[in-house]
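Following: one structure in structure tokens, then a few remarks.
Only a predicted model underlies this, so the values are computations on that prediction, with no experimental measurement involved.
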Amino acid sequence: MKAILEQIAEAMDQEGNLPEGFSLKRREIEGGLKFAPGAEDGILLFHTPEVKLEGTDADKLFEIIKTISSGRYEDADDMISHFSGKYAAIKIYSDLRKMILEHLPSLEQNNLYKYSYIRLGLSQDRDVLKYAMMLLSLFKEPKEDIKNTVRIVGTYDEFTYFAVLNALRWSNSEEEIYSLAKRTQGWGRIHAIAHLKGEREDIRKWLLHTGRKNNVMNQYTALAVYKMTKVEERLETCDAEELKDIIELVEDLAKEGPVEGISAIDKVGLLGSQIARAIDRVGIENEWKDRLIEALR
């Protein structure tokens, strides 16, 4: 079986994008349930309580760290696979980070780092790869070849979150996360947008026109996009196409559902009035005013 990195790299086109519908082979899930790439972790992150390891569970995680530190990499792989049956990697990053920082003087940092980049490039196991990426994110900005490996793996929705953890520590983090957001369509885009700052106008325009859409549910990013794109200010000068994007964004906010949406916005009535004035100013079709009224009802 090929390494995960190799499988992803071989499937990418010349622009660094994965073909629609590409999916790594998954292990059988009891009951025949199948998740889209990244869905299992996404649901855990957004819809389950925060995990704080205690007692024997905390001891088991620290034992994994010590095993990697001692250079017994294959033993660590087995321990990670077993431990991940109870705790998904995406839920224990804070505990992992805290343990390593607290015990750093007693750990062999070279072995931790070596494990992270070796498993990043060669692992066939999803959980081991995620641990490798979490470990790598704790070190200083790596060389370009390792960064490029993170970029490739992060193009697959299941690993984007872990690529973002790394990119956050890089000197050009906003551009790196923006690139990941553009090259993903599902849960990966959701995770990437959650970590964008939206400080540049080109990023804000992309978010409003394209980035707010994903193949999971637009509601997951609607509030973040609303805040980053500064909708209230934009309504004063927007053109017809941008105004339509804003109304569609408000529709997504109004649906809420899985996450907080329009209920988190102050003075929704004032926002509705601003959009109505913009509709009159720009002169778009009446159906857009009807859609606005329906969304804010």
Between [X] and [Y], does the ring centre distance come in under 6.0 Å?
X	Y	result
Tyr161	Trp187	no
Tyr156	Phe159	yes
Phe162	His191	no

Pair Ile193-Tyr220, side chain to side chain contact (heavy atoms under 4.5 Å, CB included): steps then yes or no: CA-CA 10 Å; Ile193 287 176; Tyr220 278 107; over 6 Å; no
Just by distance, do the side chain of [X] and the backbone of [Y] share a donor-acceptor pair under 3.5 Å?
X	Y	answer
Arg234	Thr229	yes
Arg189	Arg212	no
Asn166	Ser137	yes
Ser69	Glu108	yes

Sub-4.5 Å side-chain heavy-atom contact between Leu168 and Glu176: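 No, side chains not in contact.
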Residue pair Asp125 / Ile4, side-chain heavy-atom distance below 4.5 Å: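 Of all side-chain heavy-atom pairs linking Ile4 with Asp125, none is under 4.5 Å.
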Is it true that [Y] and [X] share a donor-acceptor pair across their side chains at a distance under 3.5 Å?
X	Y	value
Tyr87	Asp57	yes
Ser263	Glu256	yes
Arg183	Thr155	yes
Glu232	Tyr226	yes
Asp77	Tyr115	yes

Pairwise distance CD(Glu158) to CZ(Phe35) - rounded to 0.5 angstrom: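 If we round to the nearest 0.5 Å, Glu158:CD and Phe35:CZ are 11.0 Å apart.
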Gap separating the CE atom of Met79 from the NZ atom of Lys60, nearest 0.5 angstrom: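 Separation between the atoms: 10.0 Å.
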Stepwise side chain to side chain contact (heavy atoms under 4.5 Å, CB included) test for Leu138 and Tyr93: CA-CA 10 Å; Leu138 301 180; Tyr93 176 68; 3.6 Å; yes
Hydrophobic cluster identity match, Val231 and Ile284, side-chain contacts under 4.5 Å: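 Yes: a chain of side-chain contacts under 4.5 Å links Val231 to Ile284.
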Residue pair Ile146, Tyr113: steps toward the side chain to side chain contact (heavy atoms under 4.5 Å, CB included) verdict: CA-CA 12 Å; Ile146 296 178; Tyr113 186 65; 3.5 Å; yes
Short N-O contact, Lys66 and Glu63, less than 4.0 angstrom: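 So Lys66 pairs with Glu63 through a salt bridge.
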Contact summary for Ala254 and Ile262, nearest pair of heavy atoms: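 That would be CA-CG2, 4.0 Å.
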Steps toward side chain to side chain contact (heavy atoms under 4.5 Å, CB included) verdict (Ile68, Tyr131): CA-CA 11 Å; Ile68 297 173; Tyr131 269 75; 5.6 Å; no
